[in-house]
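Structure first, then comments.
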Amino acid sequence: MAEKHFKYVILGGGVSAGYAAREFSKHGLQPGELALISKEAVAPYERPALSKAYLFPEGTARLPGFHCCVGGGGERLLPEWYSEKGIELVLSTEIVKADLFSKSLTSAAGEIFKFDNLIIATGSTVIKLTDFGVKGADAKNIFYLREIDDADKLVEVIKAKKNGKAVVVGGGYIGLELSAALKINDLDVNMVYPEPWCMPRLFTADIAKFYEGYYTNKGINIIKGTVAVGFGSNDNGEVKEVHLKDGRVLEADIVVVGVGGRPLTTLFKGQVDEEKGGIKTDAFFKTSVPDVYAVGDVATFPMKLYGDIRRVEHVDHARKSAEQAVKAIKASEEGKSIEEYDYLPYFYSRSFDLSWQFYGDNVGETVVFGDNDPASSPHKFGTYWVKDGKVIGAFLESGTPEENKAIAKVARVQPAAESLNQLSKEGLGFASKI
Ligand code: FDA
Ligand code: NAD
């Protein structure tokens, strides 16, 4: 079988991969030095579009419109860009074996890719209900969303089941964004999740109350405190019923499941240090194996701001970690050093006419400011997280770019707060004066 050798290989074709390729090119690349290997059939794109504009009935996003790096406000890297730069874009190619010590990757078709430096950017995969043996979970029209092929299947079924019934399993990012997308497409939507409120990883009960109220007003039926324990299907094997643990049965033409992701680290098990479910790196995304880096969803890295180590499954970190790793590789070649990664967590989501941003850490006491009544307009409200007398996290719905900048600054600067009461009264004014 063919064997190829590259100075740099990026394994993965998602967000981090796209931003890493651009960073290599900024530093100057010789043709043939870099290969990007992806099991997807398309060049790297901005994954967040898949749960948003990709599914809209109007104003739909399609490739090549959202190739990396448009999401970060940069140049759109079309497939031609890679060939112009002499970067080998190896698509529809799954790596099934990685030997980090002999610096070799093997594809499902048996091709061998040798590397001097490797960036692992394999991202996450979805957790499936079949993984826990949920009865009937392999029925047709039960969908997950991770890659563009999944989104295409969803687009097709949304058209085929016009005005039908959808059940969304999971109350996290996918659950909230997909429930909205299905509703916008005029499906009848039930949303089911086990927790007492949606997005418990980040939202407080007060924040969730707004989104649950807003979704309910849009006609989405929310069922909390229970899980799907089985699915019934028709003679064609298509899902028709969702059986809940509390005994209720929901009708369904489409089921969308978003019950979390799992970082794709299996190829490297036993070869590299792992921690918190990811590949352990230093502040330059260097792993325990020489010349091997890990970025994006798979990396467990030092969070300098909080003095601990974390894994982050969001796009801003995917972009920034990729750039940091490439800068570190290039600097080490030149015998130079660069600053440690000093990341400020930034998460966001959009659905209907809503749009929120969060910066910092969501620990400590919380205080709400603004108007979080889902019936009122323009839905401007937020939350500060306060720990040891300092504001360390901030959330804002419907902020202007300046207001979002202000809450980001608060989370970075961590100013002292007199009292929760004062923060509640001052609201955005507190952030704006920092
Ligand atoms: P990413 O998943 O982007 O890429 C991994 C790539 O590696 C894929 O191309 C995959 O096919 C490839 N790969 C894996 N194993 C391979 C193998 N063995 N061989 C070859 N190729 C392999 N975040 C946010 O902050 N705001 C948002 O709005 C959203 N929205 C959003 C929507 C949807 C639908 C998803 C699934 C995720 C988001 N996210 C998000 C999260 C964000 O997209 C995510 O954190 C980044 O895409 C992570 O980037 P990575 O490059 O690490 O993985
Ligand atoms: P998530 O972790 O955000 O949410 C999973 C949800 O499923 C949780 O509410 C959880 O309690 C619930 N759940 C778990 N088991 C369940 C069960 N058996 N039945 C019903 N509910 C169950 O994960 P996700 O929403 O699946 O997202 C997957 C990945 O995609 C994550 O990495 C996420 O960060 C990323 N993503 C991010 C964004 C964004 O940042 N805006 C948007 C979409 C996806």
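Just so you know, ligand 1 is whichever comes first in the structure, and atom 1 is the first atom listed for that ligand.
- Of the listed options Cys198, Gly170, Gly258, Gly258 places a heavy atom closest to atom 5 (C) of ligand 2.
- Under a cutoff of 6.0 Å and an axis angle of 45°, Lys153 and Phe143 do not form a cation-pi pair.
- For the pair Arg47 and ligand 1, the shortest N or O to N or O distance falls below 3.5 Å.
- Aromatic pair Phe113/His5: centroids not less than 6.0 angstrom apart.
- Protein heavy atom at the shortest distance from atom 28 (O) of ligand 1 is Lys52 NZ, 2.5 Å.
- Considering backbone and side-chain N/O atoms, Val315 comes within less than 3.5 Å of an N/O atom of ligand 1.
- In this structure, Thr93 counts as a contact residue of ligand 1, since one of its heavy atoms falls inside 4.0 Å of the ligand.
- If you check which protein heavy atom lies closest to atom 45 (O) of ligand 1, you get Asp297 OD1, 2.7 Å.
- Summary of contacts: the protein heavy atom closest to atom 15 (N) of ligand 1 is Thr122 CG2, 3.5 Å.
- Within ligand 1, the atoms closer than 4.0 Å to a non-hydrogen atom of Leu145 are 34 (C), 36 (C), numbered from 1 in the order shown.
- Annotation: atom 18 (N) of ligand 2 to nearest protein heavy atom, Val227 CG1, 3.9 Å.
- For NZ of Lys103, the number of neighbouring non-hydrogen atoms (other residues, nucleotides, ligands) closer than 6.0 Å is greater than 12.
- Remark: minimum distance from atom 31 (C) of ligand 2 to any protein heavy atom is reached at Glu313 OE1, 3.2 Å.
- By the 4.0 Å heavy-atom criterion, Pro194 is counted among the residues contacting ligand 2.
- A side-chain donor-acceptor contact under 3.5 Å links Glu241 and His243.
- Heavy-atom proximity to Pro48, at under 4.0 Å, picks out these atoms of ligand 1: 27 (C), 28 (O), 29 (C), 30 (N), 31 (C), 32 (C), 40 (C), 43 (O).
- For Val298, no heavy-atom contact with ligand 1 is shorter than 4.0 Å.
- When only interatomic distances are considered, the shortest N/O to N/O separation between Leu267 and ligand 1 does not fall below 3.5 Å.
- The six-membered or imidazole ring of Tyr343 lies near that of His317, with a centre-to-centre distance under 6.0 Å.
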